[in-house]
Trainee: 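I am attaching a structure below and will ask some questions about it afterwards.
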Amino acid sequence: MQRNRFCLTVFLSLISAFTFTSLSFAGHLEPFKAVPVPKNNLQTPEKIELGKKLFFDRRLSGDGTMSCASCHIPELAYTDGQDISLNYPTTKNWRNSPTLMNVAFYQHLFHDGRVKTLEDQALFPMMSAFEMNQNLDFLEEEIRVVPEYAEAFQKVFGGEPTRERIAMAIAAFERTLVSVNAPYDRFVKGDKTVLTEDARKGYELFSGKGRCADCHAGMNFSDDKFYALNVPENPVLLNDPRVTATMRFVAKVYHYKDYRNLKEDPGRYLITKNKKDWKAFRTPTLREIAKTGPYMHNGVLNTLDEVIDFFNAGGGKGNRVLKPLGLNDEEKKQLKTFLVETLTGEELKITYPEVP
Ligand code: HEC
Ligand code: HEC
C-alpha cells in the first residue's frame, strides 16, 4: 500500500510536471499526496473505528453535552458554522472552529500553531475550561467501565484505556478526513475540461496577480507558516465579557504578563513571545473552503467576497505582509469561482457510529 502510494505520487508528479509546462501557468500545481502517518501510531481499521466512536462521544466532556463533533460537524466540513466557535455551557469560546479536513497534513496545529501532532492536540479541547471541561483522570475511569470500550482498547492497543490511547485513536480517525478528487485534483492529473473558463482564469489569478499561492501553497493550499495580516478583531472579543475572559485566561495560561489588560488576540506571539509573531496566524488550508465559513481565526469575515476584498485592499490596517492587488470586479469574481468550484472534494460519506 505504502509503496503503491509512493509510485502513484511519482507518477502524478510526472504528470503534473507535464501539465505545468504545457499550461504555462505561473502556478503551484502540486498533485495529491498520501497522508503522513507517524510510526508510533499506525492506522488500522479497528483503531480508526474506535477513534470515530470517541470523536462522537459526549462522555469526553465534563457535563456530557459536548463531543468533538459538536464543534466539528461532518456536514460542515468539520467546522461548526459559527464565527466564534461553540463552547462549554455557560462559557464562551474566542476563536473560530477550523475545518478538520486535511488536518493531518499540517506540521502546526491550532490557529497559532501551538501544537505539533494530532495526538497532542486531542487532549487540549477535552481539558479546556471553555470547550469540554473534562477531568482526564475521571474520563479514563468513565471509559474503562464501558465493556465495549475496554474490549476495543485491548484489541487495538493491547491494554486499557488511557488518555494517550484515547488521543491516539481519535488522531487515527482524523487522519481519514481527507478531501479527495476535487476538480483541482482532476485538473492536476491532466483533465483540462474540468475547470470552467472563469475557474481557470481564477486559478491564474490565484497563482499570479493575486499572489495567493505565495502562502496557500502546495497540494494542501497552505505553507504551514505564520503571518500577521492584521485581520480586524471580532467585536465580541471586547463586547462580550465572557469572550474577553476566555482570551485573558488563555493568555494567562501562556504566561502573557499583562493578560488582564489584553484587548486583542496576540496570535502566535502567545506561544513564541517573539515580536514578529504579534497577531500572526497560520496559513489555513483552502480545501473545502466553500463549506467552512465564516472565515479567519475569529470568523470576522462572513463570505469569500469579504475575504477577497480584504486581500485586494492589501490586508488589515498597518500590516507589513500584504500589498493592494488592484483586482477589478471581473477578476474578483473569477478568483471566487476558482475557490468555490474547484476545491471541494467528493462528499465524505460518514456513517455516524453507535456510541456505546
Ligand atoms: C467547543 C468547541 C470545540 C470542541 C468541543 C472541540 N473543538 Fe477542536 N477546535 C475548536 C476551536 C475553536 C479550535 C481552534 C482553537 C485555536 O486555534 O486556538 C479547534 C481546533 C482543533 C484542531 C486544530 C485544527 C487546525 O487547523 O489546526 C483539531 C485537530 C481539533 N480542534 C480537533 C478536536 C478534537 C479531536 C476534539 C474532541 C476531543 C475537538 N476538537 C473538540 C473548537 C472545538
Ligand atoms: C502572506 C500570506 C498570505 C497570502 C499572500 C494570502 N493569504 Fe489567505 N490567509 C493567510 C493567513 C495567515 C490566513 C489566516 C488569517 C487569520 O486566521 O487571521 C489566511 C486566510 C485565508 C482565508 C480564510 C480561510 C479560513 O478557513 O478561514 C481565505 C479564504 C484566504 N486566505 C484566501 C486567500 C486568497 C484568495 C488570497 C489571494 C488573493 C490569499 N488568501 C493570500 C495567508 C495568506
Side-chain angles (χ1 to χ4, degrees), residues 51 54-58 60-61 65-72 77-80 82 84-88 91 93-104 106 108-115 117-118 121-128 130-134 166-167 170-171 173-174 177 202 205-207 209-217 221-223 225-232 250 265 267 270 279-289 292-301 304 306-308 310-312 315-316 319 321-323 325 327 332 335-336 338-339 343:
L54 292 163
F55 188 88
F56 286 92
D57 193 337
R58 295 173 194 273
L60 267 55
S61 61
T65 57
M66 312 286 290
S67 73
C68 306
S70 302
C71 301
H72 300 288
Y78 294 85
T79 65
D80 65 9
Q82 312 290 317
I84 300 290
S85 175
L86 296 169
N87 48 266
Y88 190 74
T91 71
N93 214 318
W94 70 312
R95 285 179 179 167
N96 176 268
S97 167
T99 178
L100 299 188
M101 293 300 288
N102 281 21
V103 75
Y106 287 123
H108 298 97
L109 295 165
F110 286 125
H111 294 294
D112 51 24
R114 80 187 96 115
V115 166
T117 67
L118 289 170
Q121 192 283 332
L123 298 173
F124 277 71
M126 292 183 222
M127 292 186 291
S128 162
F130 54 90
E131 288 184 338
M132 302 172 102
N133 202 18
Q134 178 61 293
I166 291 171
I170 292 176
F173 168 64
E174 289 175 305
L177 305 179
L205 291 163
F206 185 85
S207 41
K209 186 176 174 186
R211 312 204 60 108
C212 317
D214 287 2
C215 305
H216 297 282
F221 293 83
S222 165
D223 59 3
K225 296 196 173 114
F226 302 88
Y227 301 96
L229 309 183
N230 293 6
V231 170
V250 176
D265 187 336
L270 269 190
K279 297 185 85 66
F281 295 92
R282 184 201 58 199
T283 310
T285 183
L286 300 181
R287 294 270 180 180
E288 305 292 326
I289 196 71
T292 64
Y295 301 103
M296 304 311 205
H297 67 277
N298 54 7
V300 78
L301 302 180
L304 286 172
E306 288 179 35
V307 173
I308 290 168
F310 170 84
F311 283 105
N312 198 30
N319 89 84
V321 183
L322 300 167
K323 299 222 159 58
L325 300 171
L327 302 176
K332 289 199 286 187
L335 191 52
K336 180 179 167 189
F338 167 69
L339 295 174
L343 299 180

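Counting starts at 1 for both ligands and their atoms, in listed order. Scope of the values below: all heavy atoms of this structure, side chains included, with no hydrogens, waters or symmetry mates.
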Trainee: Taking only heavy atoms of Leu325, which atoms of ligand 2 are found under 4.0 Å from at least one of them?
Mentor: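 Taking each heavy atom of Leu325 in turn, ligand 2 has 38 (C) under 4.0 Å.
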Trainee: Could you check whether any heavy atom of Arg282 sits closer than 4.0 Å to an atom of ligand 2, since that is the contact criterion I want to use?
Mentor: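 It does, in that a heavy atom of Arg282 comes within the 4.0 Å cut-off of ligand 2.
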Trainee: Mark up the atoms of ligand 2 that fall under 4.0 Å of a heavy atom belonging to Tyr227, in ascending order.
Mentor: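 In order of number, 1 (C), 2 (C).
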Trainee: Report the part of Asp80 (side chain from C-beta onward, or backbone N, CA, C, O) that has a heavy atom under 4.0 Å from ligand 1; answer both or neither where that applies.
Mentor: neither
Trainee: In total, how many protein N/O/S atoms does one find closer than 2.8 Å to atom 8 (Fe) of ligand 2?
Mentor: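 Total protein N/O/S atoms under 2.8 Å from atom 8 (Fe) of ligand 2: 1.
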Trainee: Please confirm whether Phe110 and Phe124 have ring centers closer than 6.0 angstrom.
Mentor: yes
Trainee: Do any protein N, O or S atoms sit under 2.8 Å from atom 8 (Fe) of ligand 1, and which ones are they?
Mentor: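 Less than 2.8 Å away from atom 8 (Fe) of ligand 1 sit His72 NE2.
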Trainee: May I ask you to check whether over 12 heavy atoms, not counting those of Arg211, lie within 6.0 Å of atom CZ?
Mentor: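 12 or below, so no.
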Trainee: What protein heavy atom sits nearest atom 17 (O) of ligand 2, and how far off is it?
Mentor: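 Heavy-atom neighbour on the protein nearest atom 17 (O) of ligand 2: His297 N, 2.8 Å.
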Trainee: Just which atoms of ligand 2 are under 4.0 Å from any heavy atom in Leu304?
Mentor: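 It comes down to these atoms of ligand 2: 29 (C).
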Trainee: Could you tell me which atoms of ligand 2, counted from 1 in the order shown, lie closer than 4.0 angstrom to a heavy atom of Arg211?
Mentor: 5 (C)
Trainee: Mark the output for His111 as yes if a heavy-atom distance to ligand 2 is under 4.0 Å, and as no if none is.
Mentor: no
Trainee: What I want to know is whether Leu339 and ligand 2 share at least one N or O pair that is separated by under 3.5 angstrom.
Mentor: no
